[in-house]
There are 2 protein chains.
Amino acid sequence: MKDHVRKYGPAAIGGRLRRLSESIDEDARRIYAEFGVSFEQRWVGVLYELVQDGPLSVGELAARLGITHVSVSQTRQSLERAGIITAEVDSSDARRRQLKLTVSGAKLVRQLKPLWQALDRAAVELNNEAQDVISALDRLDDALARRSQFDRIRDQLKQT
Amino acid sequence: MKDHVRKYGPAAIGGRLRRLSESIDEDARRIYAEFGVSFEQRWVGVLYELVQDGPLSVGELAARLGITHVSVSQTRQSLERAGIITAEVDSSDARRRQLKLTVSGAKLVRQLKPLWQALDRAAVELNNEAQDVISALDRLDDALARRSQFDRIRDQLKQT
DNA sequence: GAATAATATGTAGGCACCTACATATATGCA
DNA sequence: TGCATATATGTAGGTGCCTACATATTATTC
């Protein structure tokens, strides 16, 4: 089945990246469910950063995680509903929200520590077995940072 | 910004795969928009297969593309609404739908041919510049096929 | 001080998939 | 032939992001 997709070569790179991420996300989801925890994958990065250096603003988290502020904003809303964090207006800048762990949030994080360690180790094992996919992703990131796919495609169109 | 994400190493592989795919998809979307075509990325694989070997059933397309039948089913609905394909009940098996290009669908495909060629070439260029990401994805696919991330994580938990 | 520009975060809608569950049809076996 | 099983496709809801647009606040300039 998967072998059929390989015939497309680089043309299918976007789809293949997505499907791999779906697969890895789904497996993580199953593990949380088996651990008896209601948890959203997108919470991990936010929680990790808040544990390390909280409180942090929406924008700071977005920068640290390499995602848009909108994603962080949406994630913080679900985290608040779950009682894991609070998001209070910054006292020195009313535009800004300071996100920090609640007591029960910190408790959840402690509870999840062994699971996160297992997730980390499994990821390292997978990366090693696949002969350093992460470095390949770094290279892809760098190539896209140098020149967007939009510009590349447009230039190829001009040469047609 | 992106450099911050790299500190997570393999632990962030799922998220990184997803974000790269979003980035590549978004750039393709912009190109279709600039080409003056209303087009959904998910249509490409279906159309490509129908051009090659149509008519095909939902299940056959799913197998060829390496995605679920549900995704194909949903994609075929949007393709039908756009008048690009028809999906008629197979005369020899009433469970099955035969998907094929309409006349205007075939015309759209012809119109898009140069764009698809440009997309292909840009993808090859990107893959070369990133020193063969596709092979890395092949290896990742193979590693996950050998052993799921779910099983890997669970085993790591047992060793804690 | 007022106007303009920059900054922080939010809402709305969309994307391309996924799993769980459901229904209809075809096949195989006793 | 009837029933159990397998197969094909569909509906419903969800995932974790994204862009476009919006609003409020702060900073800068004149």
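This is a predicted model, so every value here is computed, not measured.
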**Request:** Tell me which nucleotide among C:dC18, D:dC18, C:dT9 gets nearest to the side chain of A:E22.
**Result:**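 The closest nucleotide is C:dC18.
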**Prompt:** Can you check whether A:K100 reaches A:L56 side chain to side chain, under 4.5 Å on heavy atoms?
**Reply:** no
**Side-chain N,O (B:T68) to OP1/OP2 (C:dC18) below 4.0 Å** =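 True: B:T68 side-chain N/O within range (under 4.0 Å) of C:dC18 OP1/OP2.
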**Message:** Given B:E129, which partner from the list A:R139, A:R152, A:R147 fulfils the salt bridge (charged side-chain N to carboxylate O under 4.0 Å, His left out) test?
**Reply:**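 Only match with B:E129 under salt bridge (charged side-chain N to carboxylate O under 4.0 Å, His left out): A:R152.
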**Sorted by number, the residues of residues 24-33 of chain B with heavy-atom contact under 4.0 Å to DNA chain D** =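 Contacting residues: B:E26.
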**Prompt:** Does some side-chain heavy atom of A:D141 sit less than 4.5 Å from a side-chain heavy atom of B:R6?
**Reply:**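 The answer is yes, as the side chains (C-beta and beyond) meet within the 4.5 Å cut-off.
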**Message:** Check the phosphate of C:dC17 against A:R18, side-chain N and O only, distance under 4.0 Å to OP1 or OP2. Yes or no?
**Reply:**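 For C:dC17, neither OP1 nor OP2 has a side-chain N or O of A:R18 closer than 4.0 Å.
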**Message:** Can you see if the side chain of A:R95 gets near the phosphate of D:dA27 - specifically, an N or O under 4.0 Å from OP1 or OP2?
**Reply:** no
**Asked** If we only count heavy atoms from C-beta on, is the B:V44 to B:Y32 side-chain gap below 4.5 Å?
**Response** yes
**Gap between atoms CH2 and C1', on A:W43 and D:dT15 respectively (whole Å)** =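 Value for this atom pair: 13 Å.
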**Asked** What is the distance, rounded to the nearest whole Å, between atom CZ of B:R97 and atom C1' of D:dT11?
**Response**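 Answer to the nearest Å: 13 Å.
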**Request:** Round to the nearest Å and state the distance from A:R42 atom CZ to D:dC18 atom C1'.
**Result:** 13 Å
**Message:** Whether B:S73 contacts D:dG10 is assessed here as follows: a side-chain N or O lying under 4.0 Å from the phosphate OP1 or OP2. Is that the case?
**Reply:** yes
**Asked** Pick the nucleotide of DNA chain D nearest each of A:Q41 and A:S92; which residue has the one closer to the 5' end?
**Response**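 It is A:Q41 whose nearest nucleotide is closer to the 5' end.
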**Request:** May I have the distance from B:D93 (atom CG) to C:dA26 (atom P), rounded to whole angstrom?
**Result:** 5 Å
**Item:** Min side-chain heavy-atom separation A:D27-B:D151 under 4.5 Å
**Value:**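 Heavy-atom side-chain distance check fails, nothing below 4.5 Å.
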**Min side-chain heavy-atom separation B:R64-B:D53 under 4.5 Å** =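 Yes; the side chains approach each other to less than 4.5 Å.
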**Message:** Can you measure B:L17 atom CG to C:dC18 atom C1' for me and round it to whole angstrom units?
**Reply:** 16 Å
**Request:** Scan A:S21 against the nucleic acid and name what it touches under 4.0 Å (heavy atoms): base, sugar-phosphate only, or nothing.
**Result:** nothing
**Request:** From the options D:dC17, C:dT11, C:dC17, select the nucleotide whose nearest atom is closest to the side chain of A:V70.
**Result:** C:dT11
**Request:** May I have the distance from A:L65 (atom CG) to D:dC17 (atom C1'), rounded to whole angstrom?
**Result:** 13 Å
**Prompt:** How long is the line joining CZ of B:R96 and P of D:dT7, in whole Å?
**Reply:**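 From B:R96 CZ to D:dT7 P: 11 Å.
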**Request:** Check the pair A:R97, A:D90 against salt bridge (Lys or Arg N to Asp or Glu O under 4.0 Å), reporting the backbone distance first and the verdict last.
**Result:** CA-CA 5 Å; A:R97 282 181 180 269; A:D90 190 314; over 6 Å; no
**Request:** Tell me what B:Q74 touches on the nucleic acid: a base, only sugar-phosphate, or nothing, going by heavy atoms under 4.0 Å.
**Result:** base
**Request:** Take B:Y48 and A:Y8 through the side chain to side chain contact (heavy atoms under 4.5 Å, CB included) test and state the conclusion after the steps.
**Result:** CA-CA 10 Å; B:Y48 182 86; A:Y8 296 121; 3.4 Å; yes
**Message:** Within the 4.5 Å heavy-atom criterion, are B:L137 and A:I13 side-chain neighbours or not?
**Reply:**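 Side chain of B:L137 against side chain of A:I13, heavy atoms only: contact under 4.5 Å found.
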**Message:** Assuming nearest nucleotide by heavy-atom distance, tell me which of A:A94 and A:H69 is located more 5' along DNA chain D.
**Reply:** A:H69
**Item:** DNA chain D contacts made by residues 75-90 of chain B, counting heavy atoms under 4.0 Å
**Value:** B:R76, B:Q77
**Asked** Are side-chain heavy atoms of B:W43 and B:I85 found at a separation under 4.5 Å?
**Response** no
**Asked** How close or far is atom C1' of C:dT9 from atom CD1 of A:I67, stated in whole angstroms?
**Response**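 Taking atom C1' of C:dT9 as the reference, CD1 of A:I67 is at 14 Å.
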